[in-house]
Protein chains: 2
Amino acid sequence: MDAASIRKLNAALILDVLRGKGLVSRAELARLTGLTKPTISMQVAGMIERGVVVEDGAGAPDARGGKPPVLLRFNQDWGCLAAAEINSASVRVWLADLNGRTFDDEASPVTPELGAGHILDVLLASLRQVLKRSGQGQKLCSIAIAAPGRVDPATGTVLEAGNVFHWRNVDVKKRVEDNFGVPVAVDNDVNFAALGEMHSGLAAGVENFILIRHGTGIGAGLVIGGRLYQGSHFAAGEIGHLILDRMTMAPEVLTRGLLETAVGSDRVREKVLAAWSGQAGVPTPEPGADLAAELAALLRHGDESASLVLDEVASQMSIAVADMAAMLDPELIVLAGDLFALIAGRIRELVGRVIPWPMRIELSALGADAALMGAMGSARGLARDLIYESSRETARLPALR
Amino acid sequence: MDAASIRKLNAALILDVLRGKGLVSRAELARLTGLTKPTISMQVAGMIERGVVVEDGAGAPDARGGKPPVLLRFNQDWGCLAAAEINSASVRVWLADLNGRTFDDEASPVTPELGAGHILDVLLASLRQVLKRSGQGQKLCSIAIAAPGRVDPATGTVLEAGNVFHWRNVDVKKRVEDNFGVPVAVDNDVNFAALGEMHSGLAAGVENFILIRHGTGIGAGLVIGGRLYQGSHFAAGEIGHLILDRMTMAPEVLTRGLLETAVGSDRVREKVLAAWSGQAGVPTPEPGADLAAELAALLRHGDESASLVLDEVASQMSIAVADMAAMLDPELIVLAGDLFALIAGRIRELVGRVIPWPMRIELSALGADAALMGAMGSARGLARDLIYESSRETARLPALR
DNA sequence: TTGGTACGTTAGGTTTCCTAACTTACTAAA
DNA sequence: TTTAGTAAGTTAGGAAACCTAACGTACCAA
């Protein structure tokens with residue numbers, strides 16, 4: 001720890017305040033950071049020279065008189081950020097300014113059968129295209145990628161990607177870094193979705209929460225103490241393995257009694273088809289259609305089979321939610337996945353019975369964009385070091401007259 | 001962030017190395033910390049003046065020649081630490097040096113019926129006694145207290161202490177701080193037990209692990225990212241509420257299907273008594289005796305009832321352990337409680353069936369001292385600030401000749 | 001006895017921050 | 001229109017911590 005570190009820490013402090021507040025004067029920065037006015041002036045001079053900060057007009061002078069403040073603003077166009085998501089239907093890419101505001105995007109259809117190499121090719125081409133189109137290629141600061149499966153964020157490798165993709169040890173980070181030469185973050189899509197809720201969703205400012213996603217698979221993203229928790233084998237939140245058939249550990253539980261097998265969307269569809277009454281005037285459920293919309297339609301027509309299936313699903317999901325709540329005592333549980341809209345009320349009621357303290361259980365508001373928003377937040381974090389690196393040569397500029 | 005902060009940070013860095021390594025010379029400190037020799041000399045001079053560090057003999061000179069190093073040592077007797085535990089049978093107090101080595105202790109029998117006020121009186125008296133006996137009262141740096149129930153460590157208040165103590169909102173921290181005028185940490189005994197395993201047990205150096213304690217109640221302490229995680233309502237790890245009777249959320253589950261009700265030691269005793277074969281030559285199980293020892297004796301005599309009961313308990317505990325493993329993906333799970341010695345093997349086997357990655361499941365080695373050891377570690381952490389506060393006046397001492 | 005090596009100290013310079021005083025630009029009231 | 005008051009931002013000087021480079025000290029080995 002030496003003088004240079006002090007300067008960097010103070011630069012980060014100043015920039016954090018500046019990014020958080022929007023327009024701030026030097027004097028107010030001094031008040032907010034606890035640093036003195038000369039220090040702020042010197043630091044800000046360096047930032048302005050590098051272009052990270054710009055002067056942006058005059059503020060209203062104090063009512064009692066006094067020189068009006070010169071307002072400063074973080075220059076969100078100093079660089080740009082990229083986020084990408086690989087899912088079973090497409091590769092999506094977003095480009096955003098340093099405040100995370102998306103200004104361009106691109107989606108390329110893919111299928112898992114294309115294989116890891118080809119899908120990554122699509123991703124790289126897609127990235128290149130948006131960067132070229134926007135003319136911001138030179139300013140790119142960082143990239144974050146939401147990938148399927150179990151990911152080691154330290155190495156940026158997809159260790160294994162479940163039933164759909166059949167990836168093993170795919171080094172996404174290296175591939176992308178080699179092509180763009182900027183820092184790259186890779187993580188699981190559910191984890192990024194949780195970060196998305198934290199950055200710009202329901203969980204803003206929440207220290208401890210869980211995002212549970214329901215789909216073909218079932219997974220959870222855990223945020224503990226304001227940070228993503230991935231687990232020792234990057235498998236934290238793999239609640240598909242939760243055991244439903246309690247009071248016993250019989251071998252058949254391994255195939256029958258696990259949460260994912262019981263209430264994954266494929267199984268729910270089967271159950272609906274099996275139980276469907278065939279009532280006149282009720283639409284026939286079809287494989288391939290939107291499961292949640294279909295169930296909602298059945299419910300509207302007063303179809304009993306749908307309501308019975310949903311009751312069962314709600315009951316089993318409630319067990320998982322209640323157990324997570326009991327173990328982790330989060331402040332909030334966010335439910336992501338269309339089906340949850342139909343059963344959130346029932347889950348709240350059932351969980352409320354077993355958990356003796358108040359707990360918010362909410363439906364995600366970000367929908368399909370959650371992972372990309374979280375990835376963008378992560379890209380923003382990665383870019384911090386580049387932005388905050390304060391150049392030493394700029395110290396103590398002569399006054400401008 | 002200013003010059004004074006730099007000095008403090010570097011002082012902490014140096015002292016951490018010194019405490020970790022034992023005997024170190026100034027030159028080696030420079031190498032280990034990355035600071036320069038003059039900086040180390042200056043910092044160390046201040047520490048020696050304050051008595052926090054002492055010179056302790058000469059080291060062996062380098063084989064190639066050269067002046068032999070003067071070895072430095074952290075002065076573990078610069079102050080002392082206290083830890084206390086309140087349990088249903090006694091109030092225990094330990095006194096230790098700054099390295100956490102206990103040099104005096106005291107146990108006072110109490111019963112929960114005495115009430116919070118009286119039990120705290122006993123604790124205070126006990127603390128005063130050991131401090132007086134050792135003559136170290138003036139040097140006391142901090143106190144940590146393992147209390148029963150749900151504790152808010154920020155305020156040091158026992159919010160509620162379960163079935164045994166019937167405490168509500170007992171401000172332990174204030175009471176003790178007012179009496180001794182040193183920083184006081186209060187936390188739940190299971191949490192401190194987990195810290196104990198981390199400081200000086202099986203979990204040394206483990207980032208993510210869970211300690212599960214079985215007794216009348218069942219609770220877990222969660223260490224995530226090397227830090228205790230208490231939850232948003234200080235209820236993390238309250239796995240007594242886990243739901244055993246799956247596939248349903250029927251109302252009767254609330255009394256019948258919760259983990260604590262099913263496998264708490266009281267219930268296990270009932271089960272043993274109910275199932276006992278009354279076989280000749282087998283000792284009769286008696287209420288009040290040591291449950292684990294009794295079960296072990298029954299097993300030795302080949303009693304079938306005991307083995308059936310244990311199988312059931314193991315099966316149900318396994319569900320809880322497997323679920324925690326699936327959700328939190330810890331590196332290690334530590335089992336604390338006598339009963340676990342009889343069923344750990346079975347738990348390992350059952351959990352191994354559902355969790356597809358390797359996971360260590362071990363019996364706690366610290367036994368009844370775990371919570372006190374963890375509390376002592378916490379007291380040591382609290383004392384850091386006092387120890388590391390580097391005095392400004394000592395800068396740049398003239399050379400001694 | 002001499003050269004080599006490593007420990008720890010001294011001297012001098014750099015960087016950053018702080019305090020105090022100053023200039024600048026505006027309001028409000030005489 | 002002038003004058004006093006207030007707040008923003010700059011300048012000047014100094015303090016505190018660090019660093020580099022060189023030096024004195026104590027030991028080994030030939």
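Below, each value reflects all heavy atoms present in this structure, side chains not excepted, and no hydrogens, waters or symmetry copies. In what follows, chains carry the letters A, B, and so on, assigned in the order in which the sequence lines appear, proteins first and then strands, with residues in each chain numbered from 1.
- Here the P atom of nucleotide C:dC17 and the CD1 atom of B:Ile6 are 9 Å apart, to the nearest Å.
- Computed from coordinates, the A:Lys37 NZ to C:dT23 C1' distance equals 11 Å when rounded to whole Å.
- Every residue was checked against the salt bridge (Lys or Arg N to Asp or Glu O under 4.0 Å) condition with B:Glu207, not counting sequence neighbours, and none meets it.
- Counting only heavy atoms from C-beta outward, the side chains of A:Arg175 and A:Val172 never approach each other to under 4.5 Å.
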What protein N or O atoms touch nucleotides 26-30 of chain C N or O atoms at under 3.5 angstrom, if any, and at what distances?
from: C:dC26; atom 1: O2; to: A:Gly66; atom 2: N; distance (Å): 3.0
from: C:dT27; atom 1: O3'; to: A:Ala63; atom 2: O; distance (Å): 3.2
from: C:dA28; atom 1: OP1; to: A:Ala63; atom 2: O; distance (Å): 3.4

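- Between B:Met42 atom CE and D:dA17 atom P there is a gap of 6 Å when expressed in whole angstrom units.
- Take A:Arg101 and apply the salt bridge (Lys or Arg N to Asp or Glu O under 4.0 Å) test, not counting sequence neighbours, and it matches no residue.
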Return all side-chain donor-acceptor pairs below 3.5 angstrom for residues 14-25 of chain A, not counting sequence neighbours, or 'none' if the list is empty.
from: A:Asp16; atom 1: OD1; to: A:Arg384; atom 2: NH1; distance (Å): 3.3
from: A:Asp16; atom 1: OD1; to: A:Tyr388; atom 2: OH; distance (Å): 2.6
from: A:Asp16; atom 1: OD2; to: A:Arg384; atom 2: NH1; distance (Å): 3.1
from: A:Arg19; atom 1: NH2; to: A:Leu98; atom 2: O; distance (Å): 2.8
from: A:Ser25; atom 1: OG; to: A:Glu28; atom 2: N; distance (Å): 3.1

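- Partners of B:Ser41 under the side-chain hydrogen bond (donor to acceptor under 3.5 Å, both in side chains) rule, at least two apart in sequence or in another chain, do not exist in this structure.
- Atom P of nucleotide D:dA17 and atom CD of B:Gln43 are separated by 8 Å, given to the nearest angstrom.
- With sequence neighbours excluded, the residues that form a side-chain hydrogen bond (donor to acceptor under 3.5 Å, both in side chains) with B:Asn191 are B:Asp187.
- Interface residues of residues 28-35 of chain B facing DNA chain D, ordered by number: B:Leu35; criterion, heavy-atom separation under 4.0 Å.
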Output a table of donor-acceptor pairs, distance under 3.5 Å, between side-chain atoms of residues 65-74 of chain A and any protein atom two or more places apart or on a different chain; print 'none' if there are none.
from: A:Arg73; atom 1: NE; to: A:Asp56; atom 2: OD2; distance (Å): 2.7
from: A:Arg73; atom 1: NH1; to: A:Gln76; atom 2: OE1; distance (Å): 3.1

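- Sorted by first and then second residue, the side chain to side chain donor-acceptor pair (under 3.5 Å) pairs involving residues 31-40 of chain B (not counting sequence neighbours) are B:Thr36-B:Thr39.
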